[in-house]
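Working notes, beginning with the structure itself.
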Amino acid sequence: MAKSQTELRPLGKSVGRKEDPRFIRGMGRYIDDIVLPGMLYMSLVRSPYAHARIKHVDPSAALEAPGVKLVITGEDLAAMDLAWMPTMAGDKQMVLATGKVLYQYQEVAAVIAESREQAEDAAQLVDVEYEPLPAVVDPIQSLDPDAPVLREDREKKSNHIFHWEAGDKEATEELFRNAPVVVKQNVRFPRVHPSPLEPCGCVADYQSSTGKLTWYVTSQAPHAHRTVLSMVSGLPEHQIRVISPDVGGGFGNKVPVYPGYVCAIVASLKLGRPVKWIESRTENISSTGFARDYHMTAEIAAEEDGRVLALRVKTIADHGAFDAAADPSKFPAGLFSIVTGSYDFKESFVEVDGAYTNKAPGGIAYRCSFRVTEAAYLIERVMDVLARRVGVDPAELRKRDFIRKEQFPYQSPTGWTYDSGDYEKTLDLALEKIGYEELRKEQAEKRARGELMGIGISTFTEVVGAGPSHTFDIMGIKMFDSAQIRLHPTGKVLARLGVRHQGQGHETTFAQIIAEELGLSTEDVLIEEGDTDTAPYGLGTYASRSTPTAGGAAALCGRRIRDKAKKIASHLLEAGEDDVVWDGVSFSAKGLPDKSVTMKDIAFAAYTNVPEGMEPGLEATYYYDPPNLTFPHGAYIAVVDIDKGTGAVKVRRFLAVDDCGNVINPMIVDGQVHGGLTEGFAIAFMQDIPFDEDGNCLAPNWMDYLVPTALDTPHWETDRTVTPSPHHPIGAKGVGESPNVGSPAAFVNAVVDALAPLGVEHIDMPIFPWKVWEVLREHGVNK
Ligand code: PCD
């Protein structure tokens, strides 16, 4: 055990991760490790077409195949009123297709057999006759009034899903009319996929003897899934136990409920045996929640010196066949209206229109806290366009436009109240640390020699921790979170939280928070998450919300324990309660520091020697409803060199200075930043899920959809500033998503900066070498 682990007052220290010994030795217990007696396996039949009418589905040959127990079709589910399920975005989604399929790889039938191999073989035998229809793959064309209507189930006879807006249109127009400078840029954020190492899967175990369903599932939000399942199936909620075992990466992919889950549960209910379903890599990428796919246009109105006045944004959001976005209910475009970022715009008007296309459903976060990555990328990209237009260095331009630290709490023109920040300090630290001035000199020299070197800056603001229940809910369930702490007589602690980590390190960081509050060491505190029969109700881990919500609950729950502990201390110390003081590790009577009692002493007394009339035991539960979200920020700088012959971009340096308020565990935060930067790097340079004109998914595997290896990944430099959140119980803000939110713009800005001498103003992600090579050729560099 690392020495630091035994320390008292562990908050803010790099305590070694308690979960690592199990993960590093391959001893994690993931969904596919769960094997139950009598367990069956399920395989799904999927559509080869993106858009087709289903003429008939004939399961008879499959039913005769060896080992097959059951085949479920869309018609079977329709008979049970389960052919459709609600999505979190207020839409509905087919569980198994009836009538039509709307995307390639859509779920058409489920085959359940004694072994996985038998289920997969038999799935090939399900005879489905399709009549192909023309596919609509472009969201802009899909909104054309003449486009074929994809969703025949809806009353609205168009592919338009929603229109959403924020800000003051009139006031924004007014500023644009009189502005000395206006810049405009179209920016696409490609369709990407979180593609966690462990794909989705579940084991449904219905016991007819007790009427209880135990559902093991790779879930980021077990309680929310239990409630939704109960509402959809009609099973009483206390008869459903959701267990999310170790999760091999989530990244937003494990927030939605997928058709395979419903089918596995139906199969277990029908057969009275456990049913396992584990999807393949291809199934994961091609059919589960994708992210982004935003077609954005931004315009900035500014003064001649680059001081910003107003921002106008129009976006088309491609949601695929069903709007299965995992956003809080009142936010069809997530928190996209944070798009004014770190800058003091006087006015802003933001519009988003959602469109259906023949692609897999989704719109999940992928390390993004609900469309904040799209927003940060857009504003950081367009601020660079403005800098170039007005001829001001991009670092200097940002400083001119930053919200100043005296302006916090800052009211943004689209309605957010930023809790705290010091943007200039963070950028200054980044500029100094990377040696900005020298880099610009080096760049000038290189440019003179015709070499392509670029420096890209991103000074983003994130918004995380949904959230205050007055505004944030998922399908009506308010987004607070919870902690429950129980001290055993020997002073050891079992704490349970309503969130569910997927590798973030909660077993360590939440133990640190609780140990700090109770004057214990991290080793004394065992953290448990992911079992709805034991954990207090919570909304789960995504949107970097665990620290802002459950982290607050853990601290306040610890303080609640301490309140009772103080009463017991006063009894043990034979001192009046007002005379008892807490020094962070023990209680003592005022003026008598030598006589003290620790939490361990008190825990024992709680079960053996409580003051008369006091309820024995020492445990508490806390449901924490935060007053606001938290607004972390950062200043990222990328330095790139471009090979003119091949178009390859080398990221020579990347510095991330993050500010997530008070830090619980610096090593874990650095790890979070490294991981998020690696994903941001992948998005900027390698990841896209393209479709051909028939709607065929062209990258449903890791040969075509690239995940960076250690060899591809640059070396990350990190640092931080600390601007505590004024409203969070320990002053912490979330951080898990910041590096992914902030980094794509830094990479792209660096590439555009390198190519700027050629007249290049923008290049869309992903920046594959061939794309750069083509740009170079267009500009006469490679003939
Ligand atoms: N922290 C500290 N300090 C501070 C903050 C924070 O220390 N100030 C730490 C904590 O405690 C934890 C971590 O760090 O442990 C994180 O946190 P946060 O920020 O709060 O967050 P969370 O909630 O926990 O988590 C979530 C995130 C997300 S969202 C994502 S995507 C990703 C991240 O997380 N995912 C993942 N990261 C990660 N990692 C890993 N390993 N894995 C995974 O999967 Mo979404 O919405 O879902 O899209």
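The structure presented is a predicted model; accordingly, all values stated were derived computationally and were not measured. FYI, the numbering just counts along the sequence from 1. Atoms within each ligand, like the ligands themselves, are counted from 1 in listed order. All values below were derived from every heavy atom in this structure, side-chain atoms included, with hydrogens, water molecules and symmetry-related copies excluded.
Only the side chain of Val669 comes within 4.0 Å of ligand 1, judged by heavy-atom distances. The part of Arg545 lying near ligand 1 is the backbone, judged by heavy-atom distances below 4.0 Å. Residue Tyr366 touches ligand 1 through its backbone alone, judged by heavy-atom distances below 4.0 Å. Heavy atoms of Val255 found under 4.0 angstrom from ligand 1: none, in either backbone or side chain. In Glu737, the part holding a heavy atom less than 4.0 Å from any atom of ligand 1 is the side chain.
You'll find the ring centres of Tyr294 and His319 outside the 6.0 Å limit. Tyr423 and Phe408 have their aromatic ring centers within a separation under 6.0 angstrom. Within the 6.0 Å centre-distance limit, the rings of Tyr537 and His223 are counted as a close aromatic pair. You'll find the ring centres of Phe251 and Tyr366 outside the 6.0 Å limit. A ring-centre distance under 6.0 Å is not found for Phe336 and Trp164. Proximity of the aromatic rings of Phe747 and Phe685 is defined here by a centroid distance below 6.0 angstrom, and this criterion is met.
In this structure, Gly249 counts as a contact residue of ligand 1, since one of its heavy atoms falls inside 4.0 Å of the ligand. At least one heavy atom of Asn662 lies less than 4.0 angstrom from ligand 1. At least one heavy atom of Gln220 sits under 4.0 Å from some atom of ligand 1.
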Open item on the list: Between Phe460 and Tyr636, does the ring-ring contact (aromatic ring centres under 6.0 Å, His included) criterion hold? Intermediate values first, please.
Closed with: CA-CA 8 Å; Phe460 64 96; Tyr636 292 179; 4.8 Å; yes
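The protein atom (non-hydrogen) at minimum distance from atom 39 (N) of ligand 1 is Gln672 NE2, 3.3 Å. Among all protein heavy atoms, the one lying closest to atom 19 (O) of ligand 1 is Val735 N, 2.6 Å. The nearest heavy-atom contact from the protein to atom 26 (C) of ligand 1 is Gln504 NE2, 3.4 Å. Thr547 OG1, 2.7 Å is the protein heavy atom nearest to atom 20 (O) of ligand 1. Nearest to atom 7 (O) of ligand 1 among the protein's heavy atoms is Asn665 N, 3.0 Å. Scanning all protein heavy atoms for the shortest distance to atom 4 (C) of ligand 1 gives Lys733 O, 3.6 Å. Protein heavy atom at the shortest distance from atom 14 (O) of ligand 1 is Ile668 CG2, 3.7 Å. When only non-hydrogen protein atoms are considered, atom 3 (N) of ligand 1 lies nearest to Ile664 N, 3.1 Å.
Nearest-residue assignment for atom 36 (C) of ligand 1 (options Phe251, Phe510, Phe370; heavy-atom criterion): Phe251. Compare Gly12, Ala543, Cys368, Gly252 by their heavy atoms: the one nearest to atom 46 (O) of ligand 1 is in Ala543. Here atom 42 (N) of ligand 1 lies nearest to Gln502 when heavy atoms of Arg367, His506, Gln502, Lys254 are compared.
Of the charged side-chain nitrogens involved, none lies within less than 4.0 Å of a carboxylate oxygen, so that Lys478 and Asp625 do not count as a salt-bridged pair. Using a 4.0 Å cut-off between a side-chain N of Lys or Arg and a carboxylate O of Asp or Glu, Glu528 and Arg496 qualify as a salt bridge. Looking at Glu374 and Arg188, no side-chain N of the basic residue comes within less than 4.0 Å of a carboxylate O on the acidic one, giving no salt bridge. A salt bridge links Arg720 to Asp670: one of the charged nitrogens lies within less than 4.0 Å of a carboxylate oxygen. The residues Asp473 and Lys330 are annotated as salt-bridged, a charged nitrogen and a carboxylate oxygen being separated by less than 4.0 angstrom. Salt-bridge annotation for Lys13 and Glu7: present, with a side-chain N of the basic residue lying under 4.0 Å from a carboxylate O of the acidic one. Looking at Glu198 and Lys254, a side-chain N of the basic residue comes within less than 4.0 Å of a carboxylate O on the acidic one, giving a salt bridge.
Below 3.5 Å of separation, one finds no N or O of Gly734 facing any N or O of ligand 1. Between Thr541 and ligand 1, no pair of N/O atoms sits closer than 3.5 Å. When only interatomic distances are considered, the shortest N/O to N/O separation between Tyr542 and ligand 1 does not fall below 3.5 Å. Of the polar atoms of Gly736, at least one N or O is found under 3.5 Å from an N or O of ligand 1, judged by distance alone. Residue-to-ligand polar distances keep Ala732 apart from ligand 1: every N/O pair is separated by 3.5 Å or more.
For the residue pair Gln504 and Ser546, no side-chain donor N or O sits within less than 3.5 Å of a side-chain acceptor on the partner.
In the vicinity of Cys660, heavy-atom distances shorter than 4.0 Å reach the ligand 1 atoms 8 (N). Residue-ligand proximity, Ala365 to ligand 1, at heavy-atom distances under 4.0 Å covers atoms 46 (O), 48 (O). Of all atoms in ligand 1, numbered sequentially from 1 with element shown, those under 4.0 Å from a heavy atom of Val663 are 3 (N), 8 (N).
With a 6.0 Å cutoff to the six-membered ring centre and a 45° limit on the axis angle, Arg545 counts as a cation-pi contact of Tyr542.
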